[in-house]
Every structure is written in structure tokens, then in C-alpha cells.
Number of protein chains: 2
Amino acid sequence: MQEISDDGLTLQVHRRLRADLLNGRIAPGSKLKVQAIGAAYGAGASPVREALSSLAAEGLVQRIEGRGFRAAPATVGEFDELVRARCWLEEVVLRESLSAGDAAWEEALVVAQWRLRRLDRGDAAWEAAHAAFHRALLAACPSSTLRDMAETLRERAERYRALARPAAYPGRDVGAEHHAIAETALARHVPRAIMLLKEHYERTADFLRTALAAR
Amino acid sequence: MQEISDDGLTLQVHRRLRADLLNGRIAPGSKLKVQAIGAAYGAGASPVREALSSLAAEGLVQRIEGRGFRAAPATVGEFDELVRARCWLEEVVLRESLSAGDAAWEEALVVAQWRLRRLDRGDAAWEAAHAAFHRALLAACPSSTLRDMAETLRERAERYRALARPAAYPGRDVGAEHHAIAETALARHVPRAIMLLKEHYERTADFLRTALAAR
DNA sequence: AAGCAGCATTTTATCGATAGAATAGGTCCC
DNA sequence: GGGACCTATTCTATCGATAAAATGCTGCTT
């Protein structure tokens with residue numbers, strides 16, 4: 001009999017809540033009632049509360065002393081701050097990744113880019129492939145701490161993308177941008193790769209910003 | 001009647017545990033039994049468990065599915081990784097702080113350095129003043145996210161300092177290092193300030209590394 | 001002396017219950 | 001009509017109890 005990832009109610013609830021928060025199924029700022037969540041996921045107060053505590057420490061949830069938890073708000077201001085932090089952080093992570101990347105890293109990056117290229121946005125698998133591509137780009141940075149931080153920021157950014165759900169990015173060839181980034185990274189043109197990556201983020205941010213404001 | 005920071009048992013336990021972990025009163029890797037902690041702090045299982053969940057998300061505690069929590073281990077390897085991450089992260093945070101710092105920032109930095117200078121290491125207030133100095137240095141970086149990340153890393157590093165408790169830093173004038181950093185920062189010599197800060201960290205790391213290994 | 005089966009003791013994870021705080025209505029007075 | 005006030009209901013925070021799992025012993029066997 002196969003065990004289906006049965007590692008404690010707390011972790012299960014944590015995972016599901018996190019997923020629901022990240023892909024926008026739970027609206028920012030909405031109240032997270034312990035009982036309701038418990039009922040939905042078939043758990044009592046304790047596991048739910050623990051899961052919420054973790055998520056609060058991760059910044060996806062706010063704990064308001066004496067009045068429970070709510071989904072972290074999503075404002076244009078916070079989004080701007082997020083994008084800025086991401087650009088500055090990934091600047092050094094990418095630099096170090098390029099400086100340490102070996103042949104295996106190169107190959108993994110090429111594969112990730114290839115997988116991403118053959119998918120179409122809107123395709124269910126695209127999100128995952130996109131995340132994998134950006135992860136592969138930074139994967140060779142020797143500091144797992146910094147890689148994890150970059151990953152955290154990427155997740156938060158994806159939450160905004162899910163919330164904005166822009167029908168498309170008009171007048172933009174995202175595939176080409178990814179291609180250029182990968183090529184430049186493989187050629188180890190450090191400053192240029194950093195610049196392209198930042199522009200990539202800024203450009204996405206511009207679209208999301210308007211999409212968010214227009215909600 | 002004055003209310004003494006009475007915001008929920010969970011938060012109280014969280015604060016106390018965090019403090020005990022950071023200053024080494026709780027040894028790395030030691031088991032954190034819910035009941036024992038609850039008894040010590042006068043709380044039941046739920047608040048303790050929530051506090052531990054938060055701390056686990058912050059990385060100060062490990063949750064091992066099915067067998068409770070333990071204090072995060074402290075190894076020389078992780079310490080090296082920590083120092084490296086800190087150098088790379090603060091490189092950009094300091095750069096941006098220098099580029100955005102205004103007159104108020106300068107004055108706050110001067111004050112922080114002054115306060116630090118008049119204290120002696122070993123003085124109870126030194127730790128706090130030292131933390132304040134480094135915080136002041138980075139305070140003008142516009143990204144609160146990155147500042148918070150730097151703060152997190154600083155806390156972890158202080159845990160190692162507390163664990164190693166080197167009697168002194170022989171043949172080293174820490175005060176002079178701080179002075180040089182402040183002066184260079186105020187003069188906006190960006191690359192030089194970054195270099196000095198990194199050297200400052202590396203040098204401390206060297207002492208701690210030997211102190212840790214010799215435990 | 002190493003290994004191990006089985007029993008006793010701890011500990012974890014989780015539930016259900018409950019006191020007290022917060023919220024949402026509804027009412028009455030100016 | 002707009003508050004101020006009171007009340008019913010809803011939630012939160014926290015406790016105590018408990019089943020299941022893990023750990024630690026003990027003594028038997030080879």
C-alpha cells in the first residue's frame with residue numbers, strides 16, 4: 001500500500017494553504033478563520049493554527065494579535081518593493097551563479113530553457129517550467145541561503161502574477177527574453193546578463209502594475 | 001496599572017525562546033520538549049507549539065516530523081555559509097544605502113558609531129549598540145525586504161558569536177574597524193566601504209571559526 | 001558481550017471544550 | 001437621522017485529555 005505524503009496534518013494544511021494563497025484562490029486581506037479552514041481540510045484547531053503561524057513567519061499571512069489571521073495584503077506599493085528587492089538580490093545571486101556554474105549547470109539551464117520554450121503560456125505546465133528556468137539560472141550560486149531568499153521572493157512575485165492574471169503581455173516576446181537571458185548567461189557576460197534579467201523583471205512588473213491597478 | 005507587553009502567550013513564548021536560542025542559553029541541536037517549555041513559561045501545549053512553528057519557519061528551530069522540535073544545529077559549515085551569504089547580501093544593501101542615505105541617515109550613523117565607541121566589549125550594552133551600528137549603516141537602503149533579510153542573517157551570526165564566546169579578539173582593534181567603515185561610508189566611497197565591511201565580517205569569522213572548532 | 005523481544009515510560013500530535021474578546025445587529029434617545 | 005448603548009452571536013486563544021508513536025529498559029538467549 002502506498003503512503004500518499006502523509007506527514008502530519010500541520011504540514012498538509014500548511015501546503016494547501018500556501019498553494020491557495022500563492023495562486024490567488026484566497027484573496028489578499030481576507031480573513032482566515034481557524035474553524036472554517038479546519039472544517040475544509042478536515043483538521044482541528046491546533047494543526048491549522050500551527051500552519052498559520054508558519055505562514056505568518058513566511059510573510060504570506062498576517063497575525064493580528066487578538067483578532068486572528070488574515071491573508072497578507074497585496075498592494076501596488078508592496079509589489080514595487082518586491083520587484084526592487086528581487087532585482088537587487090538576484091543581481092548578486094546571478095553573478096555568483098555565473099561565476100561558479102560548471103558544465104552540469106550549463107546543461108541543466110539549456111534543458112530548462114528548452115522545456116520552457118516548447119510550452120505556451122496558459123499551458124498548465126508553463127508556470128512550473130518558468131519557475132524551473134529561473135531556478136536553474138541561479139542554481140549554481142554557492143550560497144543556498146541566498147538562493148532560498150531569491151526563491152521566496154519569486155514565490156511572492158508569482159502570487160502577484162496570479163492575482164493580476166493579465167490576459168497576455170501585449171507587444172512582448174517573453175520567449176525571446178528568456179532565450180536572450182540564457183544565451184548571455186551561458187556566455188558568462190555577467191553585467192549584460194544581470195541587465196537583461198532586471199529588464200525582464202521590470203517589464204513584467206509594468207504589465208502587472210497596470211493589471212493590478214485596473215482591478 | 002501598567003500593561004507589560006501582554007500580547008498573547010504565543011508571542012511571549014516566541015520571544016523568550018528566540019532570545020534563549022540567539023544568546024546560546026539553549027544549545028544547538030538540543031531537544032525542545034513542548035511540555036517542558038510550557039511548564040517553564042507557564043503555558044500549555046498550543047502556544048508553545050505555535051511559537052515553535054514560527055521559529056521553525058524562521059530557521060532557528062528544526063521540526064522533525066513525528067518526533068518534535070529541536071534547536072537548529074550550529075556547525076562550522078553552516079557558519080561559513082552564513083558569512084558568505086551575509087557578505088554578498090550586504091554588499092548590495094550597503095551600496096544602496098550609501099546611494100540613498102540623506103543627512104538624517106548620516107547623523108544617525110554618526111550617533112550610532114559614537115555610542116558604540118564609548119562602550120567596551122563585555123559591557124552588557126555593547127551587543128545592542130553593535131547591532132544598532134550595523135543597522136544604522138544599512139538603514140537607508142530603500143528596500144525594507146532586503147534590510148530585513150540582512151537583519152535575519154545578522155541575528156543568526158550573533159547566535160554563533162554567543163556560542164563561541166571568544167574571550168577577546170587578540171591583536172585586533174574592532175573599534176578602529178567600525179570607525180573606518182563609518183568614515184568611508186559617510187564619504188560615499190562605495191567600493192571601499194563594501195570591502196571594509198566584508199573584511200570586518202571575514203575577520204570576525206576567522207576568530208569565531210577557531211573558537212567554535214575548539215569547543 | 002552483543003542482540004533482541006517485549007514491556008514501561010515519555011512525548012508527540014491532535015481533538016474537543018471553554019472563557020473571554022470582538023463583531024454584528026437592533027433599539028432607544030436626543 | 002445619527003449616535004450611544006446593549007445583546008446575541010461568532011471567533012480567538014488556550015487548556016486538559018488522549019491515542020498513537022517513539023524511546024528507553026530489562027532481562028533472556030546465544
Point to revise | Electrostatic pair B:E155-B:R18, nearest N-O below 4.0 angstrom | key: yes
Check your understanding: Would the number of heavy atoms belonging to other residues, nucleotides or ligands and lying under 6.0 Å from CZ of A:R95 be above 12?
Key -> yes
Review point. Given that B:S46 and B:Q35 both sit by DNA chain C, which one's nearest nucleotide is further toward the 5' end?
Key: B:Q35
Exercise for review: With the side chain counted from C-beta on, respond yes when B:V48 and B:F69 share a heavy-atom pair under 4.5 Å apart, and no when they do not.
Suggested key: no
Practice item. Indicate yes or no: at least one non-hydrogen side-chain atom of A:R159 is less than 4.5 angstrom from one of A:P28. Key: yes
Exercise for review: Side-chain contact test, heavy atoms from C-beta onward, threshold under 4.5 Å: evaluate it for B:I26 versus B:L32 and give yes or no.
Suggested key: yes
Practice item. Compute the centroid of each ring, for B:H134 and then for B:Y201, and state whether the two points are separated by less than 6.0 Å. Key: yes
Practice item. Mark yes when over 12 heavy atoms from residues, nucleotides or ligands other than B:K198 sit less than 6.0 Å from its NZ; otherwise mark no. Key: yes
Review point. Which residues, if any, of residues 49-67 of chain B bring a heavy atom under 4.0 Å of DNA chain D?
Key: B:G66, B:R67
Exercise for review: Using the heavy-atom set of chain B and a strict 4.0 Å cut-off, write down the first and last nucleotide of DNA chain D that makes it in, 5' to 3'.
Suggested key: D:dT14 to D:dT23
Review point. Are B:E158 and B:R154 within salt-bridge range, i.e. N to O under 4.0 Å?
Key: yes
